[in-house]
Amino acid sequence: MSSDAGVIKVTGSTPAENYDVVVGHGLLGRLAPVLGERVRRVLVIHPRALRATGDAVRESLEADGFTALTAEIPDAEEGKHIQVAAFCWQVLGQNDFTRSDAIVSVGGGAVTDVAGFVAATWLRGVRVVHLPTSLLGMVDAAVGGKTGINTAEGKNLVGVFHPPAAVLADLDALATLPRNELLTGMAEVVKCGFIADPAILDLIEKDPEAVADPASDVVRELIERSIAVKAKVVSADLKESGLREVLNYGHTLGHAIELAERYSWRHGAAVSVGMMFAAELARSVGRLDDATADRHRTILTSLGLPTTYRGDRWQALLDGMRRDKKARGDLLRFVVLDDVAKPGILEVPDASLLFAAYQEIAQGAAE
Ligand SMILES: NC(=O)c1ccc[n+]([C@@H]2O[C@H](COP(=O)([O-])OP(=O)(O)OC[C@H]3O[C@@H](n4cnc5c(N)ncnc54)[C@H](O)[C@@H]3O)[C@@H](O)[C@H]2O)c1
Ligand SMILES: O=C(O)C(=O)C[C@@H](O)[C@H](O)[C@H](O)COP(=O)(O)O
Ligand SMILES: [Zn+2]
């Protein structure tokens, strides 16, 4: 077990719900202790692409005396489906999983989301520990207890809040992560920079090359800083009654793009365009200065992330945005910035304002 691990604490609704997010190398040995003494059976949920890692986790649990099984699920957004949850419920049922048993997720954010949902719903809630393997999973999806699956109408439309018992972010996993997955995950890191921690933006601007190297010190610092931002927010507002909405920066349009593209776009890429859109929206109503709006484009582009979107999809995007969880009735609500680290809400009763911002990010003429 490595001793270089850092621990970021998340405060739950009760002291028993507090948990640690551990960041470091070689963390598998920490899994058994965080599962706790009462757990006997463990279901390891992983995607096909990470079968070897899932098997290694199962074998390690068996060596520690647990009865461990694996459930292999479809990759990426294909896994965030009610039929996948039903498959996992079937495995749990057929193997007599009780309330003192547990689930372990191994994978990117899609896996932590669906595994968390399965844990939240099985017997109305069993323990879950997340072992995120993507950058995005580490800095965002595994932390904070939002779980979810998609429906035909949109992204994450079904889910519950179910915080994990622990998160073990093993940096060794990043060695096999494709470059595009690392960089799209960086969109959520940039988000944390704009909404709360300007040092993140400075680090990326100083050395965008190092940001593409998962073994670099700067990537580790970006991961720890982003988790710290998320941990602080979700500790204060687990169920998104107010403050937590800031973590949704860029997501109103981002989720609509994912739906319009039938999930062929990675979440982080869609959120990147969504942040640029939110910046243009804030600029257009005089809340954000030109330099900070333009800084979005510079930083995101330096990471190879998109800041524009096709100009012929306005109606589909508007329809998708109406199902955003921040909307209230017919009123669309956006997280916008008044400055770096000064997020707020903009209520938009009139879609023409949105269309104007869309024109600023649209490729070709917006229709
Ligand atoms: N619950 C939350 O708070 C929250 C926060 C942010 C995002 N999310 C969700 O997370 C998802 C996006 O997460 P993501 O970007 O990790 O996508 P993902 O889970 O779809 O993973 C992306 C790809 O990377 C592969 N992969 C993951 N780890 C790997 C590794 N170590 N080596 C090789 N390949 C690896 C996966 O198999 C997949 O093909 C979205 O569904 C999004 O809605 C949830
Ligand atoms: O944790 C949160 O809260 C977030 O909004 C983080 C987002 O990065 C994440 O994509 C989340 O799943 C979006 O939540 P949703 O409620 O809009 O589905
Ligand atoms: Zn996100």
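All ligand and atom numbering here is 1-based and tracks the order in the structure.
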Test of geometry: compute the angle OE2(E188)-the Zn ion (ligand 3)-NE2(H267) and round it to 10°. 90°
Using a 4.0 Å heavy-atom cut-off, say whether H267 meets ligand 2 through its side chain, its backbone, both or neither.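 Side chain only.
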For ligand 2, note which part of N248 has a heavy atom under 4.0 Å away: side chain, backbone, both or neither.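 The part of N248 near ligand 2 is both the backbone and the side chain.
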Shortest protein heavy-atom distance from [atom], along with the residue and atom involved:
atom                    : value
atom 15 (P) of ligand 2 : K325 NZ, 3.3 Å
atom 37 (O) of ligand 1 : D75 OD1, 2.6 Å
atom 14 (P) of ligand 1 : G109 N, 3.6 Å
atom 2 (C) of ligand 1  : A141 CA, 3.5 Å
atom 7 (C) of ligand 2  : H251 NE2, 3.2 Å
atom 19 (O) of ligand 1 : A110 N, 2.9 Å
atom 33 (C) of ligand 1 : T176 O, 3.2 Å
atom 21 (O) of ligand 1 : G108 CA, 4.2 Å
atom 16 (O) of ligand 1 : S134 OG, 2.5 Å

Enumerate the atoms of ligand 2 whose separation from the nearest heavy atom of [X] is less than 4.0 angstrom.
X    : answer
R244 : 1 (O), 2 (C), 3 (O)
H255 : 13 (C), 15 (P), 17 (O), 18 (O)
K146 : 1 (O), 2 (C), 3 (O), 4 (C), 5 (O), 14 (O), 15 (P), 16 (O)

Any sub-3.5 Å donor-acceptor pair from [X]'s side-chain atoms to [Y]'s backbone N or O?
X    : Y    : value
K230 : D140 : yes
N150 : N156 : yes
S216 : A210 : yes

Do the rings of W265 and Y309 sit parallel, tilted or perpendicular, given the 30° and 60° boundaries?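 Rings of W265 and Y309: perpendicular, over 60°.
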Mind checking whether H255 and H251 have parallel, tilted or perpendicular rings, split at 30° and 60°?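 Because their plane-to-plane angle is over 60°, the rings of H255 and H251 count as perpendicular.
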Return yes if a side-chain donor-acceptor contact under 3.5 Å exists between N18 and K9, otherwise no. no
Quick one about H130 and S105 (side-chain donor to acceptor, distance below 3.5 Å, no hydrogens or angles considered), yes or no? yes
Heavy atoms from other residues, nucleotides or ligands near [atom1] of [X] exceed 12 (cutoff 6.0 Å):
X    : atom1 : result
K326 : NZ    : yes
D202 : CG    : yes
E240 : CD    : yes

Identify, by atom number and element, the atoms of ligand 1 in contact range of [X], meaning under 4.0 Å from any of its heavy atoms.
X    : answer
K146 : 1 (N), 3 (O)
A76  : 20 (O)
K230 : 3 (O)

Nearest option to [atom], as decided by whichever heavy atom of [options] sits closest:
atom                    : options                : answer
atom 6 (C) of ligand 1  : L182, T133, I149, D140 : D140
atom 40 (C) of ligand 1 : H251, E258, E77        : E77
atom 35 (C) of ligand 1 : L177, D113, V271       : L177

Counting C-beta onward and ignoring hydrogens, is there a side-chain heavy-atom pair between D113 and T147 closer than 4.5 Å? no
Any side-chain heavy atom of R127 within less than 4.5 Å of one from V39?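 Yes, close enough: below the 4.5 Å cut-off.
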Ion pair present between [X] and [Y], side-chain N to carboxylate O less than 4.0 angstrom?
X    : Y    : answer
D294 : R297 : yes
R295 : E205 : yes
E245 : R333 : yes
R41  : D101 : yes

Any [X] heavy atom less than 4.0 Å from ligand 1:
X    : result
P178 : yes
K155 : yes
G268 : no
R48  : no
T184 : no

For [X] and ligand 1, does the shortest N/O to N/O distance drop below 3.5 Å?
X    : value
L174 : no
H255 : no
E188 : no

Polar atom proximity, D140 to ligand 2 (N or O, under 3.5 Å): yes
Can a non-hydrogen atom of K191 be found less than 4.0 Å from any atom of ligand 2? yes
Looking at L300, T307, I299, which one forms a side-chain contact (heavy atoms from CB on, under 4.5 Å) with M275?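 Among the candidates, only L300 passes.
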Measure [X] to ligand 1 on non-hydrogen atoms and call it side chain, backbone, both or neither using the 4.0 Å cut-off.
X    : result
E181 : side chain
A49  : side chain
L136 : side chain

Residue that, paired with R266, satisfies salt bridge (charged side-chain N to carboxylate O under 4.0 Å, His left out) out of E258, E188, E181, E261: E181
Take atom 25 (C) of ligand 1 and look for protein heavy atoms under 4.0 Å from it; say yes if you find one, no if not. no
Which ring pair (Phe, Tyr, Trp, His ring centres under 6.0 Å) pairs, counting each pair once, include a residue from residues 170-219, with sequence neighbours left out?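 Qualifying pairs: F194-H296.
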